[in-house]
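Report on one structure; see the data block that follows.
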Amino acid sequence: MQTQTGSLLHQDHMATIESLQNLEEFLGRQRGAPVLDETVKAFLAALGGTLRQEVEKHFGFEENHLFPEFTRRGETGIVMMLTMEHRTILPLALRVADLADAAVAAGAFGEQDWRDFKDAGVELVEREIFHIQKEEMGLLAAISALVDGDTDVRLAQVYRETVG
Ligand SMILES: [Fe+2]
Ligand SMILES: [Fe+2]
């Protein structure tokens, strides 16, 4: 049985995986710093927005509203593991988003910035897809098992207000 909170998180996860796969394909196509035509600019601008949304709002909801429900019920192991992964992914995602925004603003990637974007991007894709897969396999089922109906409705409401 899927909870409201679980299905909201799931929709977000699928959108994020799609952005990460687009990033992976984009990186795989380039042989050196790309020319920033309108298509590439639009892609980079959208990528920056999605990544910030994910690691600031989605992670924030999980850590501030969802994980405390687990901790209260004694499920600290899964909370510690997922929180530690957030701590690794968040700075990587912000680095990629900052470099994408800077390139759009400047109209080009500097050589070193491009290398940094590529390195951080490859690592981000790998770590965040793995993180989302873990949440899809373990977290959503744990929400169904642990969170009662009233709490689910309240969490889903908080999610809509804080994540969108
Ligand atoms: Fe997460
Ligand atoms: Fe998540």
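No experiment lies behind these values; they were computed from the predicted model shown. In this chain, numbering begins with 1 at the start of the sequence shown.
Contact check for Gln53 versus Val163: side-chain heavy atoms found under the 4.5 Å cut-off. When side chains are defined from C-beta on, Val158 does not count as touching Leu66, because their heavy atoms never get closer than 4.5 Å.
Asn22 and Ser19 share no donor-acceptor pair across their side chains, judged by distance under 3.5 Å alone. In the model, Gln157 has a side-chain atom that pairs as donor or acceptor with a side-chain atom of Glu161 under 3.5 Å.
Note: Glu54 CD to Leu90 CG = 10.0 Å, rounded to the nearest 0.5 Å. If you take CD1 on Ile132 and CD1 on Ile129, they are separated by 7.0 Å, rounding to the nearest 0.5 Å. Taking CG from Leu23 and CG from Leu51, the interatomic distance works out to 7.0 Å, rounded to the nearest 0.5 Å.
The side-chain hydrogen bond (donor to acceptor under 3.5 Å, both in side chains) test applied to Arg160 returns Gln4, not counting sequence neighbours. For Glu128, the side-chain hydrogen bond (donor to acceptor under 3.5 Å, both in side chains) criterion is met by no residue, not counting sequence neighbours. In terms of the side-chain hydrogen bond (donor to acceptor under 3.5 Å, both in side chains) criterion, residue partners of His13 (sequence neighbours excluded) are, by chain and number, His58, Glu135, Glu136.
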Side-chain donor-acceptor pairs under 3.5 Å in residues 108-120, sequence neighbours left out?
unit_1	atom_1	unit_2	atom_2	d
Gln112	OE1	Arg115	NH2	3.0
Gln112	NE2	Asp116	OD1	3.0
Asp116	OD2	Arg95	NH2	3.1

Please set out all donor-acceptor pairs under 3.5 angstrom arising from side-chain atoms of residues 31-47, sequence neighbours excluded.
unit_1	atom_1	unit_2	atom_2	d
Arg31	NH1	Gly28	O	3.4
Asp37	OD1	Thr39	N	3.2
Asp37	OD1	Val40	N	2.8

Side-chain donor-acceptor distances from residues 70-86 under 3.5 Å, at least two apart:
unit_1	atom_1	unit_2	atom_2	d
Thr71	OG1	Phe67	O	3.1
Arg72	NH1	Glu69	OE1	3.4
Arg72	NH1	Glu69	OE2	3.1
Arg73	NE	Leu146	O	3.0
Arg73	NH1	Glu69	O	2.8
Arg73	NH1	Glu69	OE1	2.9
Thr83	OG1	Val79	O	2.6
Glu85	OE1	His131	ND1	2.6
Glu85	OE2	Lys134	NZ	2.1
His86	ND1	Glu63	OE2	2.7
His86	NE2	Glu62	OE1	3.0
His86	NE2	His131	NE2	3.0

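In this structure, Val104 is a member of the same hydrophobic cluster as Leu27, with clusters built from ILVMFWY side-chain heavy atoms closer than 4.5 Å. Follow the hydrophobic side-chain contacts under 4.5 Å out from Leu139 and you never reach Ile89; the two are in separate clusters.
Ion pair Asp98/Arg52 flagged as a salt bridge, since at least one NZ, NE, NH1 or NH2 atom sits closer than 4.0 Å to an Asp/Glu carboxylate oxygen.
Side-chain N or O atoms of Gln30 include one that pairs as donor or acceptor with a backbone N or O of Phe26 at under 3.5 Å.
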Item checked: side-chain hydrogen bond (donor to acceptor under 3.5 Å, both in side chains) between Ser7 and Gln2, intermediate numbers included -> CA-CA 7 Å; Ser7 51; Gln2 187 62 274; 5.7 Å; no
